[in-house]
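Here is the structure we will look at.
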2 protein chains.
Amino acid sequence: MDGKIVNLKSKIEIYKAMTDGANFADCPVRDVISGINGKWSPLLVMALAEKPYRFGELRRLVPDISQRMLTQTLYDLQRDGYVHREVFPTKPPSVEYSLTDLGRSMFAPLQMLVQWAELNHDAVREARAAFDAAQT
Amino acid sequence: MDGKIVNLKSKIEIYKAMTDGANFADCPVRDVISGINGKWSPLLVMALAEKPYRFGELRRLVPDISQRMLTQTLYDLQRDGYVHREVFPTKPPSVEYSLTDLGRSMFAPLQMLVQWAELNHDAVREARAAFDAAQT
DNA sequence: TAGAGCTGGTCTCTTTTTGAGACCGCCATT
DNA sequence: AATGGCGGTCTCAAAAAGAGACCAGCTCTA
């Protein structure tokens, strides 16, 4: 990642990249995508892209995540190298989570998708309403 | 979507877009994202971006999806307005699935993410191996 | 000094989502 | 008459996610 996205591949090449691999299960692209396509991963990455946060801060920032899923999602993000976890030996030890370079490099493409969602959520809502009405 | 993505928002604005809404559940951006962030949705969208496919063709193209999940994922994509479903009254009626304009407009941002995944899957694999080794 | 609260978690239990695979009627081919 | 493709639905088991109790260690307040 040198900051610019050039040489976009053709659609069929991109699709092949998603179905590559000796057997289907270990296609590298799907392997990576699945890690950032969980229910909470994108939200946490976007939050940490702003600035590092402590565990409790993230909990308050994202009030509808359960503590269990916050722990687990952060663990998974750390394992895949997107998030750095640092423990500070304060009286009640505090833990700070921050994005690594790899995590930061994901921000741009993720932002595109979020921005697309923002631009198109009206269209999606209308489509949904029309579909449900037609199903009467 | 007029083909160009301009005026990128600041990180904090993007995060706010993901946490907007009276209560957390109906944040528009998360509502939309959740629809395209399933296990199979991105793959099917990428496949249909190439050209329309019939049900059985998609099944063969993506051999590790179960019939149940293919049915359901296509249904959800149709409901959200990404996919058009057309039934042809042939002897065994055939059903063709194709991307709508809305679905096509999603291709660009999705492609960015896939491309990022392709570029960075080595880094992710290394991070994972290092993490697992450190956990000994 | 006793109680309550904050720190970042783990553990158990229940509900929801997903996956595997059997089954369906219809029709064409063999 | 049996086989296979067509696009599904239905059932049941497994996996993932959510709710909430519990934990030790420390600090502040009454």
Side-chain angles (χ1 to χ4, degrees), chain A residues 19 23-27 30-31 33-45 47-48 52-80 83-98 131 134-135, chain B residues 19 23-27 30-31 33-44 47-48 52-80 83-98 131 135:
Chain A
T19 55
N23 44 349
F24 225 74
D26 45 40
C27 156
R30 295 177 71 204
D31 184 41
I33 291 283
S34 72
I36 60 178
N37 132 312
K39 183 167 182 180
W40 302 106
S41 313
L43 186 54
L44 292 178
V45 169
L48 292 174
Y53 280 107
R54 307 226 328 252
F55 187 88
E57 290 177 310
L58 284 172
R59 213 163 129 59
R60 283 185 290 274
L61 205 58
V62 187
D64 59 350
I65 191 175
S66 68
Q67 196 168 20
R68 184 182 166 286
M69 287 315 293
L70 182 54
T71 301
Q72 170 130 2
T73 306
L74 286 171
Y75 180 90
D76 292 344
L77 288 174
Q78 187 194 356
R79 186 171 107 97
D80 280 7
V83 159
H84 173 69
R85 179 181 189 270
E86 190 159 8
V87 181
F88 294 98
T90 49
K91 332 343 158 36
S94 60
V95 182
E96 191 181 81
Y97 294 91
S98 56
F131 184 86
Q135 291 305 88
Chain B
T19 55
N23 45 347
F24 225 74
D26 45 41
C27 157
R30 294 177 71 202
D31 185 40
I33 291 283
S34 71
I36 60 179
N37 129 309
K39 183 168 179 179
W40 302 106
S41 313
L43 186 55
L44 291 178
L48 292 174
Y53 281 106
R54 308 229 323 257
F55 188 88
E57 291 177 308
L58 283 173
R59 215 164 126 59
R60 284 186 290 275
L61 204 58
V62 187
D64 59 348
I65 192 176
S66 68
Q67 196 169 16
R68 183 185 168 284
M69 286 316 291
L70 182 54
T71 300
Q72 170 129 3
T73 306
L74 287 172
Y75 180 90
D76 292 344
L77 289 174
Q78 187 196 355
R79 187 171 107 95
D80 281 6
V83 158
H84 173 69
R85 178 181 190 270
E86 190 160 7
V87 181
F88 295 97
T90 49
K91 344 316 162 55
S94 61
V95 182
E96 190 182 83
Y97 293 91
S98 56
F131 185 86
Q135 289 308 86

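Just the heavy atoms: all of them, side chains too, but no hydrogens, waters or symmetry mates, feed the values below. In what follows, every chain begins at residue 1, and chains take the letters A, B, ... in the order their sequences are listed.
Dashed line: the shortest gap from a side-chain N or O of B/Arg60 to OP1 or OP2 of D/dC6 is under 4.0 Å.
B/Leu58 is listed as a side-chain neighbour of B/Leu70, based on a closest heavy-atom distance under 4.5 Å. Side chains of B/Asp80 and B/Asp76 form no contact here, defined as non-hydrogen atoms less than 4.5 Å apart. A/Leu74 has its side chain out of reach of A/Trp40: every pair of non-hydrogen atoms, C-beta onward, lies at least 4.5 Å apart.
Here the P atom of nucleotide D/dC6 and the OH atom of B/Tyr53 are 15 Å apart, to the nearest Å. The CG atom of A/Leu58 sits 14 Å away from the C1' atom of C/dT7 (whole-angstrom rounding). Per the geometry, CG belonging to A/Leu70 stands 10 Å off P belonging to C/dG8, to the nearest Å. Separating the CZ atom of B/Phe55 from the C1' atom of D/dG7 is a distance of 6 Å, rounded to the nearest angstrom.
A donor-acceptor pair is defined here as one N or O able to donate and one able to accept, closer than 3.5 Å; no such pair exists between the side chain of B/Asn37 and the backbone of A/Lys39.
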What string of B, S and - do you get for nucleotides 13-30 of chain C, 5' to 3', if B is base contact, S is sugar-phosphate-only contact and - is no contact with any protein heavy atom under 4.0 Å?
-----BBB------SS--

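The aromatic rings of B/Phe55 and B/Tyr97 sit tilted, their planes meeting at an angle between 30° and 60°.
B/Arg59 comes within 4.0 angstrom of no nucleic acid atom, judged by non-hydrogen atoms across all strands. Contacts of A/Tyr75 with the nucleic acid, taken as non-hydrogen atoms under 4.0 Å apart, are absent.
Comparing C/dG8, D/dC6, C/dT10 by their closest approach to the side chain of B/Arg54 singles out D/dC6.
Taking both residues in full, the closest heavy atoms of A/Arg54 and A/Glu57 are given as N-OE1, 2.7 Å, listed atom of the first, atom of the second, then distance.
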